[in-house]
Amino acid sequence: MVTRFAPSPTGFLHMGSLFASLCSWRYAKQSKGVFFCRLEDTDTKREITGSGNQVLQELAIYGIIPDEDFVLGGAYGPYVQSERKPIYDVVIKAMLLDDLAYPCFCTHEDLSAMRAKQESLKVNPGYYGEYATCRFLPKETVLAKLKNGDPFVIRFKSNGNQTHKIMITDLIRGSFEMTENDQDIVIMKSDGLPTYHFAHLVDDHFMRTTIITRGEEWMASLPIHLQLFDAMGWDRPQYAHLPVIMKIDEGTRRKLSKRKDPEAAVSYFLEAGYPIEGFLEYLMTIANTNFEAWRIENPQANIFDFQLSFAKMTLDGALFDLEKVKSISKDRLAFMSADEITNKALAWANIYEPQFALAIASDVDYFKAIISIERGGEKPRKDYAKYSDIFPIIDFMYDQYYDQYMSGELPFNESLSKDILIKVLNTYKANPSLDLQESEWFEKLKVLASICGFSPSVKEYKKNKEAFYGHIGDFAEIIRIAVSGRKNTPNFYYILKILGTERINKRINKTIALLEE
RNA sequence: GGCUGGUUGGAGAAACGGUUAACUCACAAGCCUUUCACGCUUGCAUUCACGGGUUCGAAUCCCGUACCAGUCACCA
């Protein structure tokens, strides 16, 4: 099985392209086949220099590495269409000789005049049948025009008929009828470069592609392509027209647009810090909906152990669902080892958030300890959906950022007097008890709470609120705020343990000093 | 407008004519809990775009209507 991804060098990697290449790459690899990448740069007007390589690099970030491409090369090259001109020329020449094609000298003005006429006559517009005027040009006229240097295109001589129906088979959509193509479509433009239709024919034949995966916008031109393969006597490839990813915009669904939607670029998600594992997994869920069930059965398996199936792909373009991407990403990050998430977070931060990278790099083991809190096991914490979520949650572990919290308003419960707060802090400072196991440490904390006039039990407190300043939770909150500057943190015991008594003392002292001001 | 697909809850969707329309995300309530994050429980479409038909029985088959998407270039 040979599949391919054939981008035009018109900009960044589009999410739909990532989806398409993911599907075709997986399909080839599942069958131990070949996946290659060919650059379709025949539209010189829209070309953006360098974007071909950028697309290849972005694919590589997602782990999609072609077996053959326009950088790597391969036995069936060149892999850039503009470099394949000699090949197209040979085929064009053969078609001309076989009377399968002819030159056309009609100008844009001629064509629009003809279109206007066809519209007024209420017949199908286009270049076909009697309207295909250049088809009937005498040889001498053609030669004269050629000699004169008149610009021309080469058109395919269609023998199709609008009244004929042909059966179409698509790997995703199954079989259905379409009408035969009767248009003498342009196969070579006046600049000497092939149109998509012709390049598809020649390239996918000589590059021995067996399955054409492409967006569903190509489905309508399938009769043209089949006709072309048949005319040449070449084997037809199989086709899989992939659904397009949609978004909802002002109440209507539409294709994600390169121009209008920043999230159409995969780099947008890279930059935002979504883990590639999560993003790929999301794409798999829209590719095959039985993927989710498989994931529940195989929570830790590699997603590529899943067998993708065109038959199980939806026909409709799915709406892109960022909430689902987040949920899946949260899971993926939660199940990474501390080493893995540390390396990946650092790699991300190095590019997109230097101050975060600096903090990690200042003491990698310290960061690893923080990120390890309640990691591992069956039910790990799920704090982060993306790498950019990490730092805002744990930044207080770094003194510089802790100081920033302390310079602002501290969120202490206003009904408690400063004296009580200070008493609580001093009491804990004298008994950090961090050499104890978590449960014993917490028991000890309850004792300290009791001493300070707080109920060790929330239930007890609720029964008799007047008897206490608050409950164990309120008591812990005071210490938490003093040590972190915030009302919530990951598991407090581990936070304290990682900070260590020395740093805890410093922070508590600082808080007391602030309170006494 | 012609042609080709499609239409199940807020989103992704399952259901190969047969009892109460899976599952995931979101949302809501509750439980658990020192905070947070998890986790757990429950709720969330009396109904499958609409109308008609076939059938003992239809989301599933047939017909019509509406709506959505794609396409009709010397762009891919």
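In this text the structure is predicted, and so the values were computed from the model without any measurement. Letters go in sequence order (proteins before strands), and every chain restarts at 1.
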How about [X] and [Y]: are their ring centres within less than 6.0 Å of each other?
{"X": "A:Phe475", "Y": "A:Phe454", "value": "yes"}
{"X": "A:Phe269", "Y": "A:Phe279", "value": "yes"}
{"X": "A:Phe291", "Y": "A:Phe306", "value": "yes"}
{"X": "A:Tyr128", "Y": "A:Tyr131", "value": "yes"}
{"X": "A:His200", "Y": "A:Tyr239", "value": "yes"}
{"X": "A:Tyr282", "Y": "A:Phe320", "value": "yes"}

Rounding to an integer number of angstrom, what distance separates [N] and [M] when you compare their [atom1] atoms?
{"N": "B:C63", "M": "B:G6", "atom1": "P", "result": "13 Å"}
{"N": "B:U55", "M": "B:A11", "atom1": "C1'", "result": "35 Å"}
{"N": "B:A49", "M": "B:U7", "atom1": "P", "result": "8 Å"}
{"N": "B:C3", "M": "B:A26", "atom1": "P", "result": "44 Å"}
{"N": "B:A58", "M": "B:A76", "atom1": "C1'", "result": "44 Å"}
{"N": "B:U46", "M": "B:G9", "atom1": "C1'", "result": "13 Å"}
{"N": "B:C25", "M": "B:C40", "atom1": "P", "result": "10 Å"}
{"N": "B:C61", "M": "B:C16", "atom1": "P", "result": "12 Å"}

Remember a base hit wins even if backbone is also touched, and classify [X] as base, sugar-phosphate or nothing at under 4.0 Å, heavy atoms.
{"X": "A:Asn491", "result": "base"}
{"X": "A:Val153", "result": "base"}
{"X": "A:Glu292", "result": "base"}
{"X": "A:Thr10", "result": "nothing"}
{"X": "A:Gln183", "result": "nothing"}
{"X": "A:Pro380", "result": "sugar-phosphate"}
{"X": "A:Phe176", "result": "sugar-phosphate"}
{"X": "A:Arg480", "result": "base"}
{"X": "A:Thr314", "result": "sugar-phosphate"}
{"X": "A:Ala293", "result": "nothing"}
{"X": "A:Arg115", "result": "sugar-phosphate"}

Would you tell me if any nitrogen or oxygen in the side chain of A:Lys330 comes within less than 4.0 Å of OP1 or OP2 on B:C38?
yes

Is any side-chain N or O of A:Thr289 closer than 4.0 Å to OP1 or OP2 of B:U24?
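Checking A:Thr289 against B:U24: no side-chain N or O falls below 4.0 Å of OP1 or OP2.
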
Measure distances between side-chain N and O atoms of [X] and base N and O atoms of [N], and say whether any donor-acceptor pair falls under 3.5 Å.
{"X": "A:Lys446", "N": "B:U34", "value": "no"}
{"X": "A:Ser190", "N": "B:C74", "value": "yes"}
{"X": "A:Arg155", "N": "B:C74", "value": "no"}

Evaluate A:Asp395 against A:Arg486 for salt bridge (Lys or Arg N to Asp or Glu O under 4.0 Å), listing each step before the verdict.
CA-CA 11 Å; A:Asp395 58 357; A:Arg486 320 186 350 169; 3.7 Å; yes

Identify the nucleotide, in any strand shown, that forms a Watson-Crick or G-U wobble pair with [N], with both distances under 3.5 Å; if there is none, say none.
{"N": "B:A66", "result": "B:U7"}
{"N": "B:C75", "result": "none"}
{"N": "B:C61", "result": "B:G53"}
{"N": "B:U19", "result": "none"}
{"N": "B:U41", "result": "B:A29"}

Distance, rounded to the nearest Å, where [X] contributes [atom1] and [N] contributes [atom2]:
{"X": "A:Ile328", "N": "B:A11", "atom1": "CD1", "atom2": "C1'", "value": "12 Å"}
{"X": "A:Glu374", "N": "B:A37", "atom1": "CD", "atom2": "P", "value": "12 Å"}
{"X": "A:Leu448", "N": "B:U34", "atom1": "CG", "atom2": "C1'", "value": "13 Å"}
{"X": "A:Trp294", "N": "B:A14", "atom1": "CH2", "atom2": "C1'", "value": "19 Å"}
{"X": "A:Ile495", "N": "B:U34", "atom1": "CD1", "atom2": "P", "value": "17 Å"}
{"X": "A:Glu109", "N": "B:C74", "atom1": "CD", "atom2": "P", "value": "13 Å"}
{"X": "A:Met219", "N": "B:C72", "atom1": "CE", "atom2": "C1'", "value": "14 Å"}
{"X": "A:Lys312", "N": "B:A13", "atom1": "NZ", "atom2": "P", "value": "15 Å"}

So which nucleotide from [options] ends up closest to the side chain of [X]?
{"X": "A:Ala476", "options": "B:G39, B:U34, B:G6", "result": "B:U34"}
{"X": "A:Ala220", "options": "B:U4, B:G12, B:U71", "result": "B:U71"}
{"X": "A:Asp43", "options": "B:U34, B:A26, B:A76", "result": "B:A76"}
{"X": "A:Lys324", "options": "B:A69, B:C38, B:C25", "result": "B:C25"}
{"X": "A:Thr195", "options": "B:A26, B:A37, B:C75", "result": "B:C75"}
{"X": "A:Lys189", "options": "B:C25, B:C74, B:U35", "result": "B:C74"}
{"X": "A:Ile296", "options": "B:U24, B:G6, B:A13", "result": "B:U24"}
{"X": "A:Phe492", "options": "B:A76, B:U34, B:A69", "result": "B:U34"}
{"X": "A:Arg46", "options": "B:A13, B:C75, B:G5", "result": "B:C75"}
{"X": "A:Arg381", "options": "B:C36, B:A13, B:C3", "result": "B:C36"}

Taking for each residue the nucleotide of RNA chain B with the nearest heavy atom, is it A:Glu217 or A:Ser8 whose nucleotide lies nearer the 5' end?
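Closest to the 5' end, via its nearest nucleotide, is A:Glu217.
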
Which comes earlier along RNA chain B counting from the 5' end, the contact point of A:Tyr493 or that of A:Arg173, where each point is its nearest nucleotide?
A:Arg173

Using 30° and 60° as the class limits, which term best fits the ring planes of A:Tyr461 and A:Phe468: parallel, tilted or perpendicular?
tilted

Distance check, rounded to the nearest 0.5 Å: A:Thr179 atom OG1 versus A:Gln162 atom CD?
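A:Thr179 atom OG1 to A:Gln162 atom CD measures 4.5 Å (nearest 0.5 Å).
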
Do A:Pro237 and A:Ile211 make a side-chain contact, defined as non-hydrogen atoms from C-beta onward lying under 4.5 Å apart?
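No, every pair of side-chain atoms sits at 4.5 Å or beyond.
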
Under the criteria of a ring-centre distance below 5.5 Å and an interplanar angle below 30°, is A:His471 stacked with the base of B:U34?
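Not stacked: fails the 5.5 Å / 30° test.
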
Hey, is A:Phe442 stacking on B:U34? Ring centres under 5.5 Å, planes under 30°.
yes

